[in-house]
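Down below is the structure, laid out as structure tokens.
We count residues from 1, following the sequence as given. Just so you know, ligand 1 is whichever comes first in the structure, and atom 1 is the first atom listed for that ligand.
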Amino acid sequence: MKETLRRLVETFGPSGHEQRVRALILRELAGSVDDVRTDALGNLIALKRGDGTGRRIMLAAHMDEIGVMVAYIDTKGFVRVHPIGGVSPLLEVGGRVLFDNGTVGVISYEKLTGGEQVPPMEKLFVDVGATSRDTCPVGVGDAACFLQPMVEAGGHWTAKAMDDRVGCAILIETARALLRTPHDCYFVFSTQEEVGTRGATTAAYGIAPEVGLAVDVTLSGDTPEPAVRMAVSLDAGPAIKVKDGGMLATAWVKEWMIDTAQAEGIPFQLEVLPGGTTDARAIQTTREGIPSGCLSIPCRYVHSPSETVSATDVAHAVKLLVAMLSRPLPR
Ligand code: CO
Ligand code: ZN
């Protein structure tokens, strides 16, 4: 599974540019699902059929990652960018970005004149080695993601795009490990989550599931003086979402997750995240409303080039999902 995750996180895929990730997932899923299709927004929808006695369950993990898009190139060939998703200039400066055509750029910033501690996005520029606008290897509208290899330290995995390729890896591994299920399980690898859960919105409408589950990262509160105080730590098990900035998990779906974890002896935590949301919100609020929950993977340094998760939390997440999908729903 680690090598699957490595391939996923090291692939280029800012929001709206998920094609390379989609092609990779298609290869990784071969032989594990009964049917695969891609919809108009680029969502990859893989179905594993049940035995006819179960329900229609949608699981979602997003393929896209945050990034930047070229907005303007100056006469000397320096590139100005706009954010794709929740990009913080603080976490960009000094980093490197990769464009779809293989061009690599370094992010730096102009002199700060307004007494700011952190450069605003307008002060950032990308140096792609060009000396003029005309010879610049990238153009307006081209997207880039961070450039960082995955590394391992003390049972933790660090990479760019762990949000949410770790969710994609967990869904792939769940599809592989789930040998028999009563349910029609729709594994949805969604697009454009980072710009407003857009892919999951149309996928959920199209599938019309009876239950929805997202798998995504959440923050952790276990680093020195964390910006957000929360009762979630790495290595303490996957987190069952109770609330985030965009949804309240449906009570019985949350209980289903908790009861299964307890029955299987799988460690878990409860997650109350003050801001942000996931594809679960999009599923929950589609059509006439779909009971939905979210399994979260605790992650340090979210939306930085070094998003960090625990290998054991990931393994426990797969175990929990397989157990949940192997049995009839509690209601
Ligand atoms: Co994100
Ligand atoms: Zn995410």
At the Co ion (ligand 1): angle between Glu194 atom OE2 and His303 atom NE2, to 10 degrees: 110°

Within 45° cone of Tyr205 ring axis and under 6.0 Å: Arg287 NZ or CZ: yes

Polar contact flag, side-chain donor to acceptor under 3.5 angstrom, Thr191-Glu18: no

Heavy-atom neighbours of Arg96 CZ exceed 12 at 6.0 Å: no

Under 2.8 Å: N/O/S of Glu194 next to the Zn ion (ligand 2): no

Opening angle between NE2 in His62 and OD1 in Asp163, taken at the Zn ion (ligand 2), to 10 degrees: 90°

Atom of Asp163 closest to the Co ion (ligand 1), considering N, O or S atoms: OD2

Salt bridge Glu10-Arg20, side-chain N to carboxylate O under 4.0 Å: no

